[in-house]
Q: 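Dumping the structure here so I can ask a few things about it.
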2 protein chains.
Amino acid sequence: MHSMACGRLSSTPILNRSKIVPASAGMMASCNERRTGARQEAAGNHMAASVKDVAALAGVSVGTVSNVMNRPEKVSIAVAARVQTAIDQLGFVRNDAARQLRAGRSSTIGLVVLDVRNPFFTDLARGAEDRAAADGFSVILGNSDEKADREATYLDLFEVQRMHGVLISPFGDITERLRRLRERGIPAVLVDRTSADASFSSVSVDDIAGGALAVGHLLAQGRRRIAFIGGPLEIQQVSDRLDGARTAVATHPDATLEVIPIDGLTVIAGRTAGTDLVGRAPTDRPDAVFAANDLVAMGVLQALMMQGADVRVPGQIALIGYDDIDFASAAVVPLSSIRQPSALIGRTAVEILLEEAADSTLAPRQVVFQPELVVRESTL
Amino acid sequence: MHSMACGRLSSTPILNRSKIVPASAGMMASCNERRTGARQEAAGNHMAASVKDVAALAGVSVGTVSNVMNRPEKVSIAVAARVQTAIDQLGFVRNDAARQLRAGRSSTIGLVVLDVRNPFFTDLARGAEDRAAADGFSVILGNSDEKADREATYLDLFEVQRMHGVLISPFGDITERLRRLRERGIPAVLVDRTSADASFSSVSVDDIAGGALAVGHLLAQGRRRIAFIGGPLEIQQVSDRLDGARTAVATHPDATLEVIPIDGLTVIAGRTAGTDLVGRAPTDRPDAVFAANDLVAMGVLQALMMQGADVRVPGQIALIGYDDIDFASAAVVPLSSIRQPSALIGRTAVEILLEEAADSTLAPRQVVFQPELVVRESTL
DNA sequence: TCCTGATCTTAAAACGATTCAATCGACCTC
DNA sequence: GAGGTCGATTGAATCGTTTTAAGATCAGGA
């Protein structure tokens, strides 16, 4: 491990069938290393100062130094000032490991999300961080990437670190694992998912309401021949959104709902379904499409707007997505969508977590937020 | 903090001018809370077991228990088995705070990235995690979101946690801050950026080469009237890519480079520039476009492929982007792009970091990787 | 003067894992 | 059987902070 030579490391594997040509032929990822002659000032490492050093410099006891930092009201202003000066002078920074050891647990909250690239989760994380910071807690973020082993690795890490608590959008069934954490004094709150047996608190969004909201909007715009494009239906979120769509359609006697299943929530799958619509006789087409998420919606939009396709959005077909990702507003025709209150979910989850961490006898709670409709050009 | 009432929390602020309609009128984000009657099994919290408990149960000393976990070769098989049984039986999990306190520093590496939504950084993080795990280290991820205060908050956290080391794609000029960390024994390695005065190791990608690679490919495809769309040029990455483009064009006496500046690397800006091209007389149009990144390229593509526009890609205009984001391959016309070896950067950075953590006298190194060309339909 | 509080400060005992010098056996050799 | 060697095991010291009971100092009232 100590002899990393330039170019010895293997390159990233190629992920698809595209032709790849490295910049300098012969090496997948060649590298160029430069070493500066300057070396670090020898032994600048003057052993990080401890409370003991601060106490000595300020001429007080270590207990007083601790009080200055944690309960300033217990110490006279004169002494506090003297200690503060010493702290600044030595550049003292508290050793959190020692603090945690004494405290019995960390003042950090662990958050594991399914996909850190998804703006929903980053916004959620932001909300959690903000709320945690207000009470002096930090949040560290783990990305399970929908892989059980990665999820487990993070939970292990959080356990040895004796985290204050854990927020998680679970991938598999991990209630057993979470139960064990709770026995150790580490509470957990589920985000974006509900706990099957309600044994853990959760904060989630009502996807059924979201589906009803989307289709209700299409109906309110005068559309009647609705198509739902999404799948696979095994995904809870997808089937919930479809259920919502059904309930909305049921309120209009003359409205119909066509379900067009696809095999994944991707742009490509959406485009395929969209191309299919383009190929139909105009009278056979729906006059509105509800896509299970924004990626699918963008695929559909691409197909409809393609050169040669004679379908106008929203003229002939109104289109609405779900999730309100950044790209939704940057689409050729800005996309209407359903937005989830991501940051609010994060904030609320932290709030509940902190309460449970403070009082482990609290009964679990299930909080369900309602999504919001974002109207843009694609449904006007 | 102990009395969170449903609905008391304020909703997320609205980010753009879109019309927003909440699902249930009157509340921006209404919520629905359910409380289960069941309460936690009283006092299941049987105080987490410590080495002492394990030692007692196994009938050995604490030192031996520690040896079983950290230097199994120093302990007889019989005793090791006995201790392991005790560990399993008690569900013992090491308290990392105590371990760290004794060790003097954490076995965790901190990583701060500019934008956690950017696949480049998540791939980089993945590479870093994998490499770190191989040596028994963990990586925790912080998202500075290009905000100096968030960046500073993470560095503070890493300092009190006495991290083993820090990887960072810096936002502002933080060499002073990093120098302080280094004095405390926490080395830092810059990723995706080079250190101005070479006082820190860095692992980055050669954007000039990337620009040359992109345009070289266009020229090799027989294109001669190249346009570069990107901006603002103050961004180092943008101007480097443009410089690379210039050097490539200079190798062909009959090739020309038109620079079309835009005010941001967004889909919208790209579409505006693209619409401009569509408006030109066909003979005034370039026959190839190099967009400063994939978002811009997608905007350009949208404009060119729009209903009514009579421009074919790659027929009339070849198009290449930069970064190879997921969307690039899912575009209407799959987009050629320049890929950076993200995971490799992460791996290498960890490798260097671990070396420097082991030997603080090592001179800083600058490693520069070469990007790769990914050819798809848009340039064929 | 002495006592009573009030206020501020101290010293020592935790917290839990690691480490290292010391000890203990067991076995071998002379 | 004494001395030596080697491996396995022990136990006390250690890391840096927080906490707490006890101590010190001072002011004011009896």
Side-chain angles (χ1 to χ4, degrees), chain A residues 45-84 86-87 90-108 136 159-164 184-185, chain B residues 46-84 86-87 90-108 136 159-164 184-186:
Chain A
N45 303 16
H46 36 78
M47 220 44 153
S50 76
V51 277
K52 219 174 282 181
D53 304 314
V54 174
L57 181 57
V60 298
S61 76
V62 294
T64 300
V65 175
S66 175
N67 280 337
V68 169
M69 296 186 300
N70 304 308
R71 306 127 85 169
E73 76 282 1
K74 307 238 88 178
V75 66
S76 68
I77 13 176
V79 171
R82 199 142 42 91
V83 170
Q84 192 56 55
I87 288 178
L90 293 174
F92 168 77
V93 173
R94 180 174 54 210
N95 182 328
D96 210 44
R99 176 192 173 72
Q100 275 184 44
L101 174 57
R102 183 63 229 249
R105 60 176 163 183
S106 164
S107 59
T108 301
E159 189 169 1
V160 300
Q161 305 253 46
R162 299 289 193 276
M163 288 298 197
H164 203 83
R184 280 222 149 46
Chain B
H46 36 79
M47 218 44 150
S50 76
V51 277
K52 220 175 282 181
D53 304 313
V54 174
L57 180 57
V60 298
S61 77
V62 294
T64 300
V65 176
S66 175
N67 281 336
V68 169
M69 296 185 301
N70 303 306
R71 305 125 85 166
E73 76 282 0
K74 307 237 87 178
V75 65
S76 69
I77 12 176
V79 171
R82 197 142 43 89
V83 170
Q84 191 55 54
I87 288 178
L90 294 173
F92 168 78
V93 173
R94 178 175 54 212
N95 182 327
D96 209 44
R99 174 192 173 73
Q100 273 184 46
L101 174 57
R102 184 63 231 257
R105 60 177 162 183
S106 165
S107 58
T108 301
E159 189 168 2
V160 302
Q161 307 251 49
R162 300 288 193 275
M163 288 298 196
H164 203 82
R184 280 221 148 47
I186 305 178

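All chains are named by letter (A, B, ...) in the order of the sequence lines, taking the proteins before the strands, and each is independently numbered beginning at 1.
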Q: Which residues pass the salt bridge (charged side-chain N to carboxylate O under 4.0 Å, His left out) test with B:R99, not counting sequence neighbours?
A: B:D96
Q: Is there a side-chain contact between B:R102 and the phosphate of D:dT14, meaning an N or O under 4.0 Å from OP1 or OP2?
A: no
Q: Take B:A98 and B:K74, find for each the nucleotide of DNA chain D with the closest heavy atom, and name the residue whose nucleotide sits nearer the 5' end.
A: B:K74
Q: Taking the axis from the first five pairs and the axis from the last five, what angle separates them in the helix from C:dT1-D:dA30 to C:dC30-D:dG1, rounded to 10 degrees?
A: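 The end-segment axes of the helix from C:dT1-D:dA30 to C:dC30-D:dG1 are tilted 70° relative to each other.
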Q: Which residues pass the side-chain hydrogen bond (donor to acceptor under 3.5 Å, both in side chains) test with B:S61, sequence neighbours left out?
A: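 Listed in chain order: B:T64.
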Q: Look at A:R99 and C:dC15 and indicate whether a side-chain polar atom (N or O) is within less than 4.0 Å of OP1 or OP2.
A: no
Q: Measure from CZ on A:R71 to C1' on C:dT7 and round the result to the nearest Å.
A: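 Between C1' of C:dT7 and CZ of A:R71: 15 Å.
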Q: Roughly how many Å is it from CD in A:Q100 to P in D:dT17, rounded to a whole number?
A: 13 Å
Q: For B:L57, which residues count as a side chain to side chain contact (heavy atoms under 4.5 Å, CB included) partner, sequence neighbours excluded?
A: B:A86, B:Q89, B:L90
Q: What's the CG-P distance between B:L101 and C:dT18, to the nearest Å?
A: 11 Å
Q: What is the distance from CD of B:E73 to P of D:dC6, rounded to the nearest Å?
A: 18 Å
Q: Please report the distance, rounded to the nearest Å, between CG in A:N95 and P in D:dT14.
A: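 Computing the A:N95:CG to D:dT14:P distance gives 18 Å.
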Q: Output the residues of residues 59-70 of chain A in contact with DNA chain D, where contact means a heavy atom of the residue under 4.0 Å from an atom of the strand; sort by number or write none.
A: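 Contacts with DNA chain D under 4.0 Å: A:G63, A:S66, A:M69, A:N70.
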Q: So which pairs with a foot in residues 55-79 of chain B pass salt bridge (Lys or Arg N to Asp or Glu O under 4.0 Å), sequence neighbours left out?
A: none
Q: Not counting sequence neighbours, which residues clear side chain to side chain contact (heavy atoms under 4.5 Å, CB included) with B:S66? List them please.
A: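 Counting only residues at least two positions away or on another chain, B:S66 forms a side chain to side chain contact (heavy atoms under 4.5 Å, CB included) with B:N70.
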Q: Pull out every protein N or O sitting under 3.5 Å from an N or O of nucleotides 25-28 of chain D, one pair per line with the distance.
A:
none

Q: Heavy atoms only, 4.0 Å cut-off, all strands: where does A:V51 land among base, sugar-phosphate and nothing?
A: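 Base contact.
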Q: Counting C-beta onward and ignoring hydrogens, is there a side-chain heavy-atom pair between B:R162 and A:V93 closer than 4.5 Å?
A: yes
Q: Between A:D96 (CG) and D:dC15 (P), how many Å, whole number?
A: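 So the CG-P distance, A:D96 to D:dC15, works out to 19 Å.
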Q: Please enumerate all residues that pass side chain to side chain contact (heavy atoms under 4.5 Å, CB included) together with B:K52, with sequence neighbours excluded.
A: B:S50, B:V62
Q: For B:S76, what residues pass the side chain to side chain contact (heavy atoms under 4.5 Å, CB included) criterion, not counting sequence neighbours?
A: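 Testing B:S76 for side chain to side chain contact (heavy atoms under 4.5 Å, CB included), a comparison that skips the adjacent residues, returns B:A78, B:V79.
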Q: Taking only residues two or more places apart in sequence or in another chain, which ones pass side-chain hydrogen bond (donor to acceptor under 3.5 Å, both in side chains) with B:Q161?
A: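 With neighbours one apart ignored, the set is empty.
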Q: Using a cut-off of less than 4.0 Å, is there contact between a side-chain N or O of B:S76 and OP1 or OP2 of D:dT9?
A: yes
Q: Taking any heavy-atom pair under 4.0 Å as a contact, classify B:R105: base, sugar-phosphate, or nothing.
A: nothing
